[in-house]
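First up is the structure itself, then whatever we jot down about it.
Numbering of ligands and ligand atoms starts at 1, following listing order. By convention here, the first residue in the shown sequence is residue 1.
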Amino acid sequence: MRLDRKIAIVTGAASGFGEGIARRYAAEGAKVVLADMNIAGAQKLAAELGPNTVAIGGDVSKGRDVEAIVACAHDTFGGLDIVVNNAGTTHRNKPVLDITEDEFDRVYAVNVKSIFWMTKYAVPVLRNQGRGGSIINIGSTAGIRPRPGLVWYNGTKGAVNIATLALAQELGRDNIRVNSICPVIGATGLVEDFMGMPDTPENRQKFLSTIPLGRMSTPADIANAAVWLAEDNSSFITGILLPVDGGRTA
Ligand SMILES: NC(=O)c1ccc[n+]([C@@H]2O[C@H](COP(=O)([O-])OP(=O)(O)OC[C@H]3O[C@@H](n4cnc5c(N)ncnc54)[C@H](O)[C@@H]3O)[C@@H](O)[C@H]2O)c1
């Protein structure tokens, strides 16, 4: 199995892309911490996936919660090899002047500050183990080729992407690899907020027409990329922003 003996944290594992990544990681032999503010959802998934997974609640924008998530990996499975910073949110698609301060603060806290905290708590563990590691940030095509109506969400994903490049520069000497996966729109819990309209076939077409391969991304697409960036076959890959986008950013 491709992730045999690896220990992973997946944030936002209760639904959407995070759930897809967590399922694949478990199937590939990893031990997986399923972290989500939706603790019931994380527990349900852990019950289904079995004893190589553990669920933990918490808000990734809060330092104490992220510290507990990292400790959970150590206490339950004895170490840490892979961190997937996937939990994220958005303000609804709307004109930039209608976005409130609260919405701005929340989207930056969940999408960007979470990575600040995870870096602070996970990197010392990876360094102390001395066997490197793989940090995978879920960025977005929004941070490469932004759409209107999502200005500050786009800003957070630009920050995620550039932080990925900078972290790769700084952590390379510890053999800690840092990469971003940049999905195009997918039909997860966030899709109607991204669209700013009901997810009907007609409305979907407006988005599909901008994707050369003609479909949305799926959790399986994102999980395929996340397995590769976590496994030893990508051991010389760091500091990349990998679009999984059917050609949207080409
Ligand atoms: N769906 C898309 O179109 C799309 C496209 C590009 C990037 N992304 C990114 O993919 C990631 C996953 O989103 P998704 O589309 O699967 O959405 P989703 O809503 O289905 O899943 C997000 C998960 O994160 C959890 N979560 C949210 N805020 C949290 C917090 N503060 N602390 C802990 N857990 C939290 C939610 O409970 C949920 O389980 C996000 O970073 C998102 O920005 C999504």
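Phe236 belongs to no multi-residue hydrophobic cluster, having no ILVMFWY side-chain contact under 4.5 Å with any other such residue. Tyr108 belongs to a hydrophobic cluster whose remaining members, ordered by chain and number, are Val96, Leu97, Ile99, Phe104, Val107, Val112, Leu150, Val151, Trp152, Tyr153, Val184, Ile185, Leu190, Val191, Phe194, Met195, Met197, Phe207, Leu208, Ile211, Met216; membership requires side-chain heavy atoms of ILVMFWY residues under 4.5 Å apart, directly or through intermediates. Clustering of Ile, Leu, Val, Met, Phe, Trp and Tyr side chains at separations under 4.5 Å leaves Ile144 isolated, with no partner residue.
Within the 3.5 Å criterion, the main-chain N or O of Glu192 finds no donor-acceptor partner in the side chain of Asp199.
The shortest distance between side-chain heavy atoms of Thr210 and Arg147 falls below 4.5 Å.
Just one residue in the list Lys31, Arg177, Arg5, Arg131 forms a salt bridge (Lys or Arg N to Asp or Glu O under 4.0 Å) with Asp81, and that residue is Arg131.
Annotation: ligand 1 has protein neighbours Gly12, Ala14, Ser15, Gly16, Phe17, Asp36, Met37, Asn38, Gly58, Asp59, Val60, Asn86, Ala87, Gly88, Arg106, Val110, Ile138, Gly139, Ser140, Tyr153, Lys157, Pro183, Val184, Ile185, Gly186, Thr188, Gly189, Leu190, Phe194, each with a heavy atom less than 4.0 angstrom from the ligand.
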